[in-house]
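Worksheet: one structure, shown below.
When reading the values below, keep in mind they use all heavy atoms of this one structure, side chains included, and skip hydrogens, waters and symmetry mates.
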Amino acid sequence: VLTFILASLAIVREREKGTLEQLIPTPLRRSNLVIGKLLPFAILGLLDAGIIFLLALGWFHVPFRGSLLILFAAAVVFLVGNLGLGLINSAISRTQQEAQIVAFLLIMPSVLLSGFMFPIENMPRPMQYLTYLIPFRYFLEIVRGVFLKGVGMGILWPQMLILTGMTLVTLIAGVLSFQKHM
């Protein structure tokens, strides 16, 4: 949630302050500018994931039965997808307030339909079908599988493949939607 909101506000803030205009004549390519804007948020998101992992183990005594490599690989893929979605939001929003409202309107259904708060099996059938469009659903399946059940990529590869595909689509759309002009 944090990285999505921060990425959503990144370009909008530059546009509102007028500093994006200063970047127009520079030889920076669109991809370089996007990487420069999103890399700090990616690092912050990974630190956040590490802190949450340590709190789960140390504070809440949640047993960890799986592979740390698979868990953080899934976290990186999910994080990059969120950053791409935030970039799309940033590119289409004109003000920071608009970006925050759009972020909220995307985050709430994502959390509610992911299976995080309510089991997907208990949702009405049309809502269950809608959950297949939510990347957070696949990330939660991976986290639960790795953390609590200790399953590996042999079982989690479909979720990881779908999450990776969604991330690639979102990231490419985010980079393409970003324009280095007014």
Side-chain angles (χ1 to χ4, degrees), residues 1-10 34-90 100 103-125 127-175:
V1 172
L2 175 68
T3 56
F4 173 65
I5 292 172
L6 289 174
S8 293
L9 297 176
V34 168
I35 290 170
K37 293 301 290 178
L38 298 183
L39 189 60
F41 304 136
I43 293 169
L44 182 64
L46 287 175
L47 287 173
D48 192 31
I51 291 170
I52 291 169
F53 176 76
L54 292 175
L55 282 173
L57 294 178
W59 187 280
F60 296 106
H61 306 291
V62 177
F64 182 72
R65 296 188 169 95
S67 166
L68 191 61
L69 181 65
I70 294 172
L71 181 67
F72 273 96
V76 167
V77 171
F78 181 68
L79 174 70
V80 171
N82 271 345
L83 291 173
L85 191 59
L87 188 61
I88 293 170
N89 184 13
S90 182
Q100 287 175 336
F104 179 76
L105 290 175
L106 290 175
I107 289 169
M108 289 310 297
S110 178
V111 171
L112 291 173
L113 294 174
S114 67
F116 179 69
M117 297 179 76
F118 310 106
I120 294 173
E121 300 80 32
N122 293 348
M123 296 178 188
R125 184 76 55 204
M127 299 307 269
Q128 288 180 18
Y129 293 132
L130 191 59
T131 65
Y132 289 111
L133 301 173
I134 309 291
F136 192 33
R137 171 200 171 128
Y138 302 103
F139 181 62
L140 278 179
E141 289 177 8
I142 293 168
V143 168
R144 288 179 180 140
V146 170
F147 223 100
L148 300 175
K149 299 174 187 174
V151 297
M153 286 303 290
I155 294 176
L156 295 173
W157 71 266
Q159 290 87 353
M160 191 64 134
L161 186 65
I162 293 169
L163 184 62
T164 302
M166 289 177 153
T167 294
L168 288 174
V169 167
T170 307
L171 188 61
I172 290 169
V175 171

Close side-chain approach of Q100 and F104, heavy atoms under 4.5 Å: no
So OG1 of T3 and CG of L38: to nearest 0.5 Å the spacing works out to 9.5 Å
Scanning both residues in full, the closest heavy-atom pair of G81 with T170 reads O-CG2, 3.3 Å
Item to complete: Quick one: do F78 and Y138 satisfy ring-ring contact (aromatic ring centres under 6.0 Å, His included)? Show the steps, please.
Response: CA-CA 9 Å; F78 181 68; Y138 302 103; over 10 Å; no
Separation between OG (S110) and CG (N82), nearest 0.5 Å, reads 7.5 Å
So CD1 of I70 and CH2 of W157: to nearest 0.5 Å the spacing works out to 14.5 Å
Is the backbone N or O of K149 less than 3.5 Å from a side-chain atom of R65, with the two atoms forming a donor-acceptor pair by type? no
Using atom types as modelled and distance alone, determine if a side-chain donor or acceptor of T164 lies under 3.5 Å from a backbone N or O of M160. yes
Would you check if N89 and F4 make a side-chain contact, meaning some heavy-atom pair closer than 4.5 Å? yes
Are the side chain of Q159 and the backbone N or O of F139 linked by a donor-acceptor pair below 3.5 Å?
no
Can you find a heavy atom in the side chain of I5 that is under 4.5 Å from one in the side chain of V1? yes
Interatomic distance, CG@L46 vs CD1@I51, rounded to 0.5 Å, equals 11.0 Å
Test item: F147 and L57 side chains (from C-beta on) under 4.5 Å apart, heavy atoms:
yes
Rounded to the nearest 0.5 angstrom, the CD1-CG distance for I88 and L171 is 8.5 Å
Is the ring pair F64/F53 parallel, tilted or perpendicular, if the boundaries are 30 and 60 degrees? perpendicular
Heavy-atom nearest pair, L140 first then G115, reads CD1-C, 4.1 Å
In short, A103 meets S8 closest at the heavy-atom pair CB-OG, 4.3 Å
Tightest non-hydrogen contact, residues F136 and V111, listed as CD2-CA, 4.2 Å
Taking T167 for the side chain and V77 for the main chain, is one N or O donor matched with an acceptor at less than 3.5 Å?
-> yes
Here the gap from I134 atom CD1 to L113 atom CG, rounded to the nearest 0.5 Å, amounts to 5.0 Å
All heavy atoms of L71 vs all of V143, minimum pair found to be CD1-CG2, 3.9 Å
In short, A42 meets L83 closest at the heavy-atom pair CB-CD1, 3.7 Å
| message | Checking L112 against M117 for the side-chain contact (heavy atoms from CB on, under 4.5 Å) test, could you report, in this order, the C-alpha distance in whole Å, the side-chain angles of both residues, the deciding distance, and whether it holds? | response | CA-CA 6 Å; L112 291 173; M117 297 179 76; 3.6 Å; yes
